[in-house]
Structure formats: C-alpha cells, structure tokens
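Have a look at the structure below before the remarks.
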Amino acid sequence: MSNEFLDRHIGPSQADVDTMLSSIGCASVEEVVAKTVPKSILFGNRMEVDEGLSERDTLALATKLAGQNQLFTNFIGQGYYGTLMPAVIQRNILENPGWYTAYTPYQAEISQGRLEMLLTFQQMIIDLTGMDISNASLLDEPTAAAEAMMMAKRANRKNKSNRFLVDSNTHPQTVTILQTRAKPLGIELVIEDIQGNDFNDYFAVLMQSPGTNGEVRDLSNDIAKAKDSGLLTIVACDILALTLIKTPSEMGADIAIGNSQRFGVPMGFGGPHAAFLATHDEFKRMVPGRIIGVSRDALGNSAMRMSLQTREQHIRRDKATSNICTAQVLLAVLAAAYGIYHGAKGLRVIASRVHAKASSLANSLVNAGFELVSDQFFDTITINTNEAKKIFTKAQKNRINLRLLSGTQLTIAIDETTTDEELSALLAVFSVDALLESESSLAKSMLRTSNYLTHSVFSNYHCETEMMRYLKRLENKDIALNHSMIALGSCTMKLNAAVQMYPISLPGFSSMHPYAPEDQSQGYQQLFKDLEHALAEVTGYDTVSLQPNAGSQGEFAGLLAIHSYHESRGDFDRNVCLIPSSAHGTNPASAVMAGMKVVIVKCDESGNIDIDDLKVKAEKHADKLSAIMVTYPSTHGVFEVEIKQVCDIIHDHGGQVYLDGANLNAMVGITRMGEFGADVSHINLHKTFAIPHGGGGPGMGPIGVKSHLAPFLPGDPLIKDSNAVSAAMYGSASILPISWSYIKLLGKHGMQYSTEIAIISANYITNELKDYFPILYRGDQGFVAHECIIDIRPLKEISGISEEDIAKRLMDYGFHSPTMSFPVAGTLMIEPTESESLHEMNRFIKAMVNIHNEIQKVISGEWDKDNNPLKNAPHTALEMAGEWSYPYSREDALYPVKSLKVSKYFPPVKRIDNVYGDRNLFCSCITTKDFT
Ligand SMILES: *Cc1c(COP(=O)(O)O)cnc(C)c1O
C-alpha cells in the first residue's frame, strides 16, 4: 500500500507502532484488532472505496468539482444573502487552526479567546434585536424558530392551547421545519395571515419581518393583540435590516430569532451559519443552546464561561429543553468579527447601500409599469406580474437567479455584493434600460432611532492592524489542536489536515445559494454522490442522507424515520425508546423531541448493557417498542461482545436499532454496523471524518439507513410535510468537501489503518497509565476500543483531589483535559486518535504520571490538602511576578516538567467560579473599564 498522505495523517511512525505494540504485548496490528473487536463482527475491510490519492490530486479533483458549480448572479434571498468576508477575518479566523481546531469551551480557563468572541456575538444580537439576552448560536434559522416554539410552549404554561400560529409571510423552509418539529410533540401548526387574525386558541405566534416576500411591517399592533389573547410572540428578523428598522423588542416581541449568515459568512449552499435566539430577562433560564456568561476567577478577576452548564442536555437527558449539542461556534465567531470590524457605523453604511440599491431597483421597475406588492421593504422586493415565469426563465438564460414566489409573483433580493452592473443586467431582463436613483420609501415610524453596538469592542478594531492583533490576542488565550493534543473521549479530535480545509474557500463551493436550481450545482451533486456512497460503504448501510447538520439532528431524523416506518406498517402505538444508562445525553433528549417515551436499560459493573434487563424491558414494552438507541463501541470505550444479540432482541420485539455512530472511528474498515444488525445511525463528520470542531461547531451528522428506512429519510425543506430537519437539503453543505477530501486522501486501506492505529494508541495510553490510574472498563480480552476511561474516584477518596483538579492542573502542563465525568462521574475519558505522534502521547502520559506523583505528595502530607498546585490550578502568568504566597514553589506550580521551559502556555485566568456565574447571570459585554 503506497499512500503518501497516510504518513501525514498518522502520527506514529512504523517504528513507533512497533514500540507501542511491544508495550501492549502484541506482535502485530492484526493481533490487537483481533483482541479488541469481537470475532462475530470482525468482517474485515469490505468497503468498496478507492485507494487514497495524493494531496495534489485530491485538491485538483475538489477544484474541478467546485468549477462545475455555476455561480449565477444571485437575487434569490429567502434567508441567504451574498456577503463579503473581510480578508483579515478569512485569513486570521476561518483559515487559522488556532480558531477552527478548538473544542467546545467546557474548560473555560483555556477558552477565554473564543468565549470573549461569543460574548461579543451575544452582545451584537442583543443590540440589534433590542432584547436582553441571546444565546451563542443555534444551527439554522428554521431550527431556531422550532426551538423558540418549544420554548414558548414551556414558558406559556398558563395557556393550555396546543396550537401554534405561523404568519403566512414566513420563509417556506421555516414552515417545513416547524411542521417536522411540531408533529411528534402534538402541536398543531396553523399557517395564516396574522393581519386581522383573532389570535384565538394559540399558545404562541411566529411572525417574520421582513417577510419572505420582503415586506417590512410594523408588527406592534398584531403583537399587542396577540399578547392580549395570552400568546407569546416570536419574531423572525434580519440583523442587517435591524441596523435601519425598528427592533422586535421595540415592537413588543417576547422572542427574536434569525440567522447571522449575512455578517460575512458565505452562503455555502446552505451552511454552516450561526442562527440565534434572543429574549427578555424573564425567560433567560429557558433559552435553548449555550449562553456565555461572565463570572470571576479565584483571584476575583472577570472571566467568561458557559453559563448554566447544568442545563446542557448531556446532564438533563430526557428533561433537556433541547437536544442541541454541537452548535455553530466558529460561524458565530466569524459573524461577531464582522460586527467588530465594521462597527455600528460601518454596518449602517452597508445596510443603507443595500437598501438604496433595492429602492433604485424598485423605482426603476415601477417607473416601467411593474407593480410592487409593497413599497415597505429593506432589501427584497416582490412584483406582481403575469409574466413571472417568463421573466424568471429569461433571467436564467442571462445567468441571473430570481425567486419565483408564485405563478404571478417574482421576488428579488439585493445584498452587500450586488453591483450596479448586476442591477443593470437584471433590469435588461425586464426590458428596462435605466437604473433610476430613489429615496427610501420606508415609513418614518419603521425607522430605527435607538443606538446599537456602543461597547468599545465595536469601535476599537476598525483598522486592519488593530483587528489582526486583536484576533491574535484572543487566539493566544486558547488551547486548540495547533498547541497540543486534545484527548477528548467521544469527540475524536483528530487532525484536520490543511489540504482538507482548502476546498471550503473555493468560491464554487462557498458562494452557492442553497435554492439555486439543481442544474447549477452539478459539482456539489457529484461530491454528495461520492460522499454518500463512501459513507454507505463505511457503515454497511444502503442509503445515506446528508441533511442533518449535527449529530443531535441526525438522531432526531433517524428516530423520525423509525417512527414513520412503524406507521407505514400500521403500527401507530410504538413510542417507547430503550436507552442504556451510559448513553450520551443527546440520545434521550432526541427521543423526547421525537415524541418517544424513554425507558432506561441498566448497565452491568463492567459497563456493558445488562442483557437480562434489556430482555425484561423489551418484553415488557413489546407492544409499544419503537427503538433502542445504543452507542457502539459503547460510550465506555469497549466493543461489547453481545451487540448482535442486543440487535436481535430488539428486532424480535418489533423494534428498530438506532446505533449512535459517534464512535465510528473505532470501526471504519474493520466492521460495519449495517451488517451486525443496526438499522440507522448518525455519522459525526466532525469526529470521524475530520471536520474541525470549530470551538463547538460546525458539524455534520448525516444518517445512514438500511433500505427499509430509506423512504422515510428527511426530504426537501422547501416542500411541506417532507420531514426535513434542516433549512437546506444538504445541511451545512460547504463543509462536506472536508470529509470528502479525507476519504479521497486516505482511501480504503488508509481509513482502515487509521482505525487500527487509533485503537493501538488508545491501548498504549491505557497500558502506560494503568499503574497510576485504574482503568474503569476493558473488553473481554483486556483491551479497550479507541478510548479509555481512567477512574479518579479512588484517588479522590484518599487525597481529596478530584477529576476537575486534574483537568485544571493539566492546563499548567499545556494540555486540554480529556472528557470529564462522561459517561461516568468522577472519571476522565482519553481518546488519542490516530493522528497523535508517539512523542505527543508520551508528553501527555508524562504529564499524567507527574500529576499522579503530585497527588502522592498531597496524600503523604508533603503538600497541604487544600493549598497545593492541584487545588490552585491553573496558575497564570500574573503569578510569575510579585509576592508568592503559596506553600509550594513557583517552579513546582509553573514548570512542573522541564519541557515547559522551552514552550509554555499560560492560562489567562485562574479557576473560574461556576456557582457565582450562575447565580449572577451576566451575559453581555463587560465595559472596557472592567477589562483594563
Ligand atoms: C458527540 C456525540 C453526540 C452528539 O453529536 P453532536 O454533533 O454534538 O450533536 C451523540 N452521541 C455521542 C456518543 C457523542 O459523542
């Protein structure tokens, strides 16, 4: 096997592999696999996938496909707009591993840079919508609308209605996703014109302004009327328009939702982009998704963290308010950077320019005898014309995309990128020669008079030098993969190769509008076909849907498919979902969203599903059994021997097997879930297939299914009742070239070898640490899969040092902690992946062994049990100077191992007080005074 990229992707050299093999006492790679994976599912590599290509050939192929997408001049709008990403942002964030390879900021002390950026994102949304609090991103605008609907249901307990009203002037994709989400929860969706509506018998209403036809309306009266009838009110808004027009808050809305795409984030054929949900203080504890808040560190300094982490679905499980886990952090960071770089004045200039162009276009068309649906618009106009279809087709012949709203209505959206030449070409399609200047026709009462973006962060960085340095300062505060390994179990933080990232910046991929006619996206279509085929081969499934834009969304889509399948067979009562107690929290949260009843199955003391309990529960619920959700290899990091039996038991009782594919990195090229009995899985492309974590998103969670479930996969979001789960047919399409490249580069045997090395590396670390920390679970022959759990509880009992103390102390050594307390409280779960070199793994092992020795000093009494380097970790650069009041040396605190003298990362803050942050929820920018 010759594969030049493989050597770049795999961390350990051949000699290193031999070293690891002898450490774990195996003679060959094959022996390790045979001792790790149960024989009954050891199928060998049956993937029909090509062998790997070189970097150069892969990039050439990607470039060719991007070139096969045709970029017409775009006036479609409908929630996606052309935008100009400032080069300083593209180069320093989007194309910078310091930003895109970071993990979700659970370890706040080493995440202050991106947390600051996310706080700025929240502030920006708060200012533009006029609300009090915003979350730090949701997956897309329609799912944000769905989250708002569910939040309103919870918030409006007094109101017993099950009906949700949606204004008919709402984007069609929003309506479709609301349908998908409403149905399993028994919510009746009513789509009507809200003007003159009696608002009788609804718990909440969603209105959109500007509407899908572009009309800007003052919703104040309708909102007041709806509130009088006991409804909560949700407004879908446009953040660029909000720099000029009245805010949802000024119109009286309870919740505002929208998308930040047009703040410098390319359309990308549908995503990824950061959506948001903002609301008033009274609902702050009900907001779905993550909220960044300000707390203080052990020295009393301001420090940021994710607020109310206990609301996270992985802790709340079936009581979770939302199943969202991976969100859109990198995209929120990009949008915030755009806001920072332009500031209030710059954004106003951009918005005014867009509005002026739209006004000129409208005036020119009216002058030529065309009729506008409304003269109240921001950037999008709709005209009534019997020639709609004809003009639409004629425009296409001239490489111009318009939106056909109906047989007699054409919609035209202007954006930041629209040039005068493009407007002239457009007018020519209407046989109009001259572009006439025009004043805005927006009613005075609709104009915005309130200030926004007044915090100093929005005015300090308008020159490129300052912006570049600000971004660098923030980047330096964080640990990402460009600093050290991030051994997060279940998260598979592997190499995100530079060559895999290249294609996302190709305009052919990044600038496509998701609703452009299909014949313009041939390059994408080919890439999707390749990727679907490869993922089907990897998993042993028959069909793959690329729509779900995170694992959580894949889970939801998969459960809906199962539900529809049962119904298609006349089985209307199957609503019980069995979930082992070790499951990831998104599993029960998704099951509840899909309208299922969660029944927990026990695990035995070695971490495996308790087969007897499974049998009892399957039997007990046989009439109602819909599915089991099981992770494989298990969240405990072992290949359970009985997996086939688990599948059989479920099938025998009429249920379907949902296999959570988060741990696929342990299986590629070795076994296939579709062949050992599972019916459907999500595949986290941001774990196994190299999409970077982006600091907490984006991700992609496509699902694979056996053929009997294929008819029930999510459909086109522009078609009503299609079970779509995302605003765009292919979810966050523009990051799919990353996974596509990964597969092209590694190929059939490169992917298999990656899996093998991931398993060997995990077993190597297990073996090297086992004398210091007990290994919680192992397979029947003593081997772990691609990750291992070390148990901190016994040490804690005698030393008082907790898993959290170790996590924080690792920061002093320059490492991000492994996964903490998942799936078992009081443990750390380590996953090295195949991309970490032996050298780096040894550095990590050395840090852990050293920490173990430090704990011994606490046990022996040499170090005070409360005042020691572990309890006081992390130590900051500030503590380098000044008086030293700790009873241990500065050297011990800051340079516990020699290598740190060559290269040392200093956390910017000391340990953060979580309780204080939750009690004093403060989720907007700190004033400059506090910072300096
Ligand atoms: C990561 C993960 C998920 C959720 O995936 P997201 O993309 O974050 O929504 C589900 N299950 C397991 C076991 C995971 O590790």
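Ligands are counted one by one from 1 in listed order, and the atoms in each one are counted from 1 as well.
- For ligand 1, the polar-atom distance check finds an N/O of Gly551 within less than 3.5 Å of one of the ligand's N/O atoms.
- With hydrogens left out, the protein atom closest to atom 14 (C) of ligand 1 is Lys687 NZ, 2.9 Å, a heavy atom.
- Nearest heavy-atom pair, Gly731 versus Ser726, reported as atom, atom and distance to 0.1 Å: CA-OG, 3.5 Å.
- Protein heavy atom closest to atom 5 (O) of ligand 1, with residue, atom name and distance, is Asn684 ND2, 3.1 Å.
- Scanning for salt bridge (charged side-chain N to carboxylate O under 4.0 Å, His left out) contacts around Arg793 gives Asp791, with sequence neighbours left out.
- The ring pair (Phe, Tyr, Trp, His ring centres under 6.0 Å) check on His636 picks up Tyr777, with sequence neighbours excluded.
- Of all the heavy atoms in Gly113 and Trp99, the pair that sits closest is O-CH2, 4.2 Å.
- For a threshold of 3.5 Å applied to N or O pairs, the pair formed by Ser552 and ligand 1 contains at least one separation below that value.
- Protein heavy atom closest to atom 11 (N) of ligand 1, with residue, atom name and distance, is Asp660 OD2, 2.5 Å.
- Protein heavy atom at the shortest distance from atom 15 (O) of ligand 1 is Ser490 OG, 2.6 Å.
- Tyr730 has its ring centre less than 6.0 Å from the ring centre of Phe528.
- Residue His686 approaches ligand 1 through these ligand atoms, each under 4.0 Å from one of its heavy atoms: 6 (P), 7 (O).
- Judged purely by distance below 3.5 Å, without hydrogens or angles, the side chains of Gln328 and His273 never pair a donor atom with an acceptor atom.
- Shortest contact from atom 8 (O) of ligand 1 to any protein heavy atom: Thr326 OG1, 2.6 Å.
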